[in-house]
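Both counts, for ligands and for their atoms, begin at 1 and track the order of listing. What's counted below: heavy atoms across the whole structure, side chains too, no hydrogens, waters or symmetry copies.
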Amino acid sequence: MQTYLVGGAVRDRLLGYPIYDRDWVVVGASAEEMIDRGYKPVGADFPVFIHPDSGEEYALARTERKTGHGYGGFVYYASPDVTLEQDLLRRDLTINAMAEAPDGSLTDPYGGQQDLQKRILRHVSPAFAEDPLRVLRVARFAARYAALGFRVADETLALMRKLSTAGELSYLSAERVWQEFERALGEPSPGVFIDVLQRCGALEILFSEFAALQRNPAWPALATGLAELPKTQERFAVLTCAALLIENIAADDIRPRIEALCLRLKAPRSYRDQALLVSSQQAGMLQLPQADGEARLAVANGLDLLRRPERMPSLARCFDNLAAWLNVDGPPALERLQALHRALTETTPAQLMQQGFKGKALGDELKRRQQAACARLTF
Ligand code: CTP
């Protein structure tokens, strides 16, 4: 049997990128031989095995044929007579369809090296259409390599558009869509992910909430700003807030809109919470200098600053990012949040108890003093 390094590890080595995980393909072996050699099968009926020492994935060379919609309907054919070229043919992009032998020699039957040089994301064959998730994968690779000058080949974009209009994307599970979206948000040019999806008609189908924003003349500036945020949760929060701003969504509708979006996308709670906080308090943060004590206290409480002060730097990055996009000048949001936090902590319940306050009177007095402290702040 022969073993080759395949896929992303070969691509990223040629690009000079760091390699995080390595996938291997095994030619000329059967499942029984793999098990005899100590490899552990990952599932009962899939020809993928885990190496007993390295923990890396070894897949038997296989061909695949689609029998239904979405991801479920696959039959594969793995046997010692499947060649390396046949296995590479079923893969998504030419740059992902290269294999490296232990002696370092490269098998590249579909022009992967040339496409790497030409900076082109090109599908290998019509088999691309067998997994509609590849529409998202191509958009994600475009978001990762945009700064290197990569673009999607016209014929690949046309095929992606065909998959979108044929309704294939609706068969993808929310989990798989979220996984690609979250990874795309973490890429160096997350806005390119949205752009590529728009160009192939997938944005309206999978992320219709961002379609009006993407069409807006202010989108390129937002996309550039997004890339400057260090965390994917922050990028998601700013993207969501900007989408609501572009559509002039009323304050009361912000929460239900974000909850519905996050439920549909199956976004984790941390993403939903940050999007809710940023979107619901963004206007209040901008208006702080003119606001009275009551409104300032409402922002501080809306952001739960007293209980969760550790979130201030991340929230501040989102507010600053949005303010820059909206061309609003002002002191850094972190300074404002810290000032609000200080105003909230100036008086403690213990101090008021010592002064004889209890029950509702204590709550009322605390609020009164916090409001007064907020009102005294100058921004
Ligand atoms: N692959 C594919 N179609 C998919 C998923 C994967 O053709 N829907 C193939 C590609 O050849 C890919 C390889 O399987 O290179 C490994 O897939 P994966 O580990 O998901 O991606 P990588 O290409 O390694 O990229 P990443 O850096 O994002 O992990």
Side-chain angles (χ1 to χ4, degrees), residues 3-27 42 46-51 54-66 69-74 76 78 82 84-100 106-113 115-116 121-146 148 150 152 156 159-160 163 168-169 171-173 175-190 192-193 196 202 232:
T3 305
Y4 302 86
L5 187 63
V6 277
V10 178
R11 175 198 69 218
D12 285 338
R13 195 196 313 288
L14 290 170
L15 279 175
Y17 264 51
I19 292 162
Y20 297 106
D21 68 353
R22 301 196 295 175
D23 295 303
W24 303 86
V25 68
V26 181
V27 179
V42 295
F46 205 59
V48 178
F49 302 83
I50 302 296
H51 190 284
S54 71
E56 291 176 343
E57 269 190 17
Y58 285 69
L60 294 184
R62 65 183 190 263
T63 58
E64 275 175 349
R65 193 162 50 81
K66 197 173 162 181
H69 289 289
Y71 201 56
F74 268 110
Y76 69 84
V82 174
L84 181 59
E85 284 75 9
Q86 282 176 315
D87 180 277
L88 296 174
L89 183 66
R90 69 168 173 86
R91 292 173 184 266
D92 54 1
L93 296 173
T94 59
I95 64 166
N96 289 341
M98 296 181 275
E100 193 181 301
L106 211 61
T107 302
D108 176 18
Y110 308 112
Q113 285 174 98
D115 283 344
L116 273 183
L121 302 171
R122 191 197 313 275
H123 66 286
V124 179
S125 79
F128 179 92
E130 308 219 321
D131 182 4
L133 190 77
R134 290 170 170 173
V135 171
L136 292 161
R137 281 175 58 90
V138 172
R140 174 164 65 79
F141 287 122
R144 184 185 297 174
Y145 300 125
L148 297 182
F150 273 83
V152 182
T156 302
L159 185 53
M160 290 160 68
L163 285 173
E168 280 292 327
L169 301 175
Y171 294 97
L172 291 171
S173 71
E175 286 80 3
R176 295 186 83 209
V177 173
W178 173 261
Q179 201 184 3
E180 288 298 322
F181 182 38
E182 184 179 21
R183 292 186 70 184
L185 279 173
E187 298 294 359
S189 310
V192 170
F193 176 76
V196 170
T232 50

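Within a 6.0 Å radius of CD in Gln179, other residues, nucleotides and ligands contribute 12 heavy atoms or fewer.
Around atom 24 (O) of ligand 1, the closest heavy atom drawn from Gly7, Gly8, Ala99 belongs to Gly8. In this structure, of Leu136, Asp92, Asp23, the residue bringing a heavy atom nearest to atom 10 (C) of ligand 1 is Asp92. Across the listed options Arg183, Arg11, Gln179, Arg11 owns the non-hydrogen atom lying nearest to atom 25 (O) of ligand 1.
Between Val138 and Asp92, every side-chain heavy-atom pair lies at or beyond the 4.5 Å cut-off.
Here the CZ atom belonging to Arg134 is positioned 12.0 Å from the CG atom belonging to Leu172, to the nearest 0.5 angstrom. Considering CZ of Arg183 and CZ of Arg144, their distance stands at 6.0 Å, rounded to 0.5 Å. Rounded to the nearest 0.5 Å, atoms CD1 (Ile95) and CG (Asp108) are 11.0 Å apart.
Put simply, the side chain of Thr232 never gets that close to the backbone of Gly186: no donor and acceptor are under 3.5 Å apart.
Residue contact check: Arg140 has heavy atoms under 4.0 Å from atoms 28 (O) of ligand 1.
Within the 4.0 Å heavy-atom criterion, neither part of Arg176 lies near ligand 1. Of the heavy atoms in Phe141, only side-chain atoms (C-beta onward) come closer than 4.0 Å to ligand 1.
When the options Leu60, Val48, Leu84 are evaluated for a side-chain contact (heavy atoms from CB on, under 4.5 Å) with Val26, the one that passes is Leu60.
Geometrically, ligand 1 and Arg134 share a nitrogen or oxygen pair separated by less than 3.5 Å. For ligand 1, the polar-atom distance check against Asp21 finds no nitrogen or oxygen pair separated by under 3.5 Å. Checking only distances, Arg90 never comes within under 3.5 Å of ligand 1, N or O to N or O.
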